[in-house]
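Structure first, commentary second.
Chain A is the first sequence line, chain B the second, and so forth, proteins listed ahead of strands; every chain is numbered from 1. Small disclaimer: the values here were computed from a predicted structure and weren't measured.
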Amino acid sequence: MVRPLGFLVGLGFIAALVFAILTTPLTNEPNASHEFHKHPKHLKLASDGLMPHWDKAQLQRGLQVYKEVCSACHSLHLVAFRDIGDLGYTEGQVKTFAKGFQVPSVNPDTGEPATRDGLPSDYFPGPYANEVAARAANNNALPPDLSLITKAREGGKDYVYSLLTGFQNPPANLPKELRPGTGLHFNPYFANLNLAMAPPLTKGQVTFADGSPNTVEAMAKDVSAFLVWTAEPKLVKRVQVGWAALIFLLIFTGLTYMSYRNIWADKKH
Amino acid sequence: MSFPWAKNYEPQQPLMKWLDEKLPLPRLVYNAIGAGYPVPRNLNYFWNFGVLAGVALVIQIVTGIVLAMHYAANAGVAFNSVEHIMRDVNAGWFIRYAHMNGASMFFIVVYLHIFRGLYYGSYKAPREMVWLLGVVIFLLMMATAFMGYVLPWGQMSFWGAQVITGFFSAIPAVGDPIRVWLLGGFAPDNAALNRFFSLHYLLPFVIAGVIILHIWALHIPGSSNPTGIEVKDEQDTVPFHPYYTAKDGFGVGVFLLLFVTLTFFSPNLLGHADNYIAANPLSTPAHIVPEWYFWPFYAILRAFTFNFLWIDAKLWGVLAMFAAIALLFFLPWLDSSPVKSSNYRPLNRIFFWVLVADVFILGWCGKSPAEQPYVLLSQLGAAYYFAHFLIILPIISRIERPLPMPNSITEAVLAKHADAPSAATA
């Protein structure tokens with residue numbers, strides 16, 4: 001009974017698929033934006049690869065770019081002030097840095113909403129009170145939170161770096177329907193080519209204390225490196241622990257292999 | 001149970017004797033995975049994957065219990081609670097990445113375990129019950145993995161839940177009310193997240209229970225082997241301990257090496273970037289893609305694009321996807337060949353490898369966007385999948401002429417060793 005019934009069920013599915021094949025067009029609808037869309041440029045950082053480390057000077061510069069430029073529109077709500085101790089700041093410097101921010105609080109006498117100086121245990125405050133305020137200030141676009149941005153986009157840090165440095169005039173042969181509308185800006189690294197963010201970085205916009213170059217590329221690189229850290233502060237530790245685990249397991253597996261061969265030595269199999 | 005020459009458990013110390021009289025738990029272990037279980041001597045490395053699947057389940061349960069101590073199953077805070085684990089919990093990043101990649105490792109070993117069974121005919125009599133219970137475990141694993149993927153409450157979690165629970169709405173007439181009842185709302189939200197968390201915590205223990213039945217059913221006829229010839233006498237077997245405990249120990253080492261490489265060096269390789277964006281019911285991702293272990297089934301689901309015989313295309317897809325797994329329950333009776341191992345089945349061997357290629361093609365299509373040529377490939381691939389199990393396999397099991405087989409496991413082993421030196425000198 002199983003085989004004849006199975007045969008009929010099989011024929012049923014295959015018939016449905018044959019009709020599906022015959023009725024599905026074999027060509028895709030043309031999508032002009034594909035041909036103008038570019039793959040991200042590769043960005044090489046100290047935190048890449050199998051022997052990663054944090055370039056603390058670069059991360060500090062990236063934090064400065066975030067604070068002076070990005071934070072005007074983008075929040076960083078998963079990062080606390082205490083976390084920037086990882087970037088090579090002393091406890092005192094972290095306290096001073098936190099104090100430079102006003103965080104929401106409650107007036108202890110009246111219960112009215114108030115603000116107070118930031119503490120290391122506070123998180124980076126966002127630029128807007130809520131999503132409505134953020135959209136109202138940005139032509140109805142919502143600037144995404146940046147804490148996880150290098151993990152939350154295909155291409156990661158390469159994508160962020162390419163996007164920041166990829167603003168340009170639209171090519172002459174760009175079809176009319178793909179041209180940027182009011183309040184939009186052409187960027188071939190963005191999925192639908194036009195995004196609401198204006199080019200955020202201009203040459204010389206941030207002055208670094210260590211005199212590092214402040215071209216658009218250099219600042220984009222520094223802030224991308226910083227955002228790799230915010231997305232995964234445990235990245236370097238993870239790879240280091242990985243090596244220890246791998247070496248332990250190589251020895252363990254070698255020993256288990258030898259005991260396997262030893263036990264089976266006199267047994268043909 | 002097992003063979004007459006199986007070693008008998010004889011406790012030596014008074015304490016063990018006393019325990020054996022009151023609760024013979026050491027005896028149970030001795031007979032299940034100790035020296036009391038005789039196993040064919042000729043098992044190859046493909047017989048390691050059962051034990052490895054058990055190890056993977058234990059890793060998932062242990063890491064999962066720790067994660068549940070820090071995770072908050074509430075739609076408002078679930079996403080941030082996972083990031084809290086990644087950032088603030090001691091070694092939380094390790095536990096979470098191990099659990100995330102542990103699911104993939106679990107499916108890798110289970111798929112190899114299933115294809116081992118397909119190639120060597122492990123589903124055939126007298127082991128049909130072992131196979132049936134295995135399919136039940138596979139279904140439970142898929143349900144558990146799906147619900148687990150929803151818990152971080154990222155974009156893919158949310159939209160995956162939207163798509164998968166949408167299957168129920170394909171049921172004619174009562175589909176939509178059933179879906180709303182199961183979700184506890186019109187879309188996945190806090191009610192759904194809470195029940196998924198509850199079930200995600202429950203099902204692994206159900207799996208553990210069915211695994212006990214799976215092993216119990218296995219131990220009645222004893223393990224299969226690469227020749228497919230049943231054990232005839234004592235020289236065909238070796239005691240499980242120390243022979244296969246040692247071999248499985250080596251297997252566990254190799255498994256962990258791969259696991260550690262994935263977890264520590266490329267933990268997000270098999271994940272999806274969109275799941276690092278918090279769930280947003282108002283923004284649909286450009287491509288909704290399930291986890292890799294569902295890709296072949298997702299391709300089958302999407303292959304049906306035509307309302308054939310008054311049945312909606314969507315319902316065809318859902319039926320086909322469930323049928324693709326359900327037909328495995330009938331496999332022992334679809335394949336009537338008395339020969340188990342495909343080593344001696346020249347036709348079945350060819351079609352087995354076509355099936356493997358087909359599943360890879362379906363997987364690739366399931367990962368890709370719903371456009372040509374992937375749609376056509378998934379339609380052809382799905383057609384072959386059903387043809388393989390429901391049409392080709394029953395026919396070839398009738399017409400195939402098996403190759404000559406050795407008389408016993410020992411004869412096969414000795415013949416292999418007699419050949420080896422001459423082959424080396426030739």
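Neither the backbone nor the side chain of B/Y374 has a heavy atom closer than 4.5 Å to any heavy atom of chain A. Looking at B/W316, the atoms closer than 4.5 Å to chain A (heavy atoms on both sides) sit in the backbone and in the side chain alike. Interface remark: A/I149 contributes no atoms to any contact with chain B (heavy atom separation under 4.5 Å). Interface residue A/Y257: backbone and side-chain heavy atoms are both found under 4.5 Å from chain B. Interface residue B/E83: only side-chain heavy atoms are found under 4.5 Å from chain A. Neither the backbone nor the side chain of B/Y384 comes within contact range of chain A, judged by heavy atoms closer than 4.5 Å. Heavy atoms of B/H272 lying under 4.5 Å from chain A belong exclusively to its side chain. Contact annotation for B/A313: neither backbone nor side-chain heavy atoms come within less than 4.5 Å of a heavy atom of chain A. Contact annotation for B/L376: only side-chain heavy atoms (C-beta onward) come within less than 4.5 Å of a heavy atom of chain A. Heavy atoms of A/A80 lying under 4.5 Å from chain B are absent altogether. At a 4.5 Å heavy-atom cutoff, B/T410 makes no contact with chain A through either its backbone or its side chain. Residue A/T150 does not touch chain B at all, counting heavy-atom pairs closer than 4.5 Å. Neither the backbone nor the side chain of A/P52 comes within less than 4.5 Å of any heavy atom of chain B. Heavy-atom distances place the side chain of B/V375, and not its backbone, under 4.5 Å from chain A.
With a 4.5 Å cut-off on side-chain heavy atoms, A/L246 and B/F265 count as touching. The shortest distance between side-chain heavy atoms of B/L257 and A/T253 falls below 4.5 Å.
Chosen from A/E232, A/K237, A/M258, the residue pairing most often with chain B at heavy-atom distances under 4.5 Å is A/E232.
Tested against B/Q379, the residues A/L17, A/V18, A/L22 include a single side chain to side chain contact (heavy atoms under 4.5 Å, CB included) partner, A/L17.
The ring pair (Phe, Tyr, Trp, His ring centres under 6.0 Å) test applied to B/F259 returns B/F255, not counting sequence neighbours.
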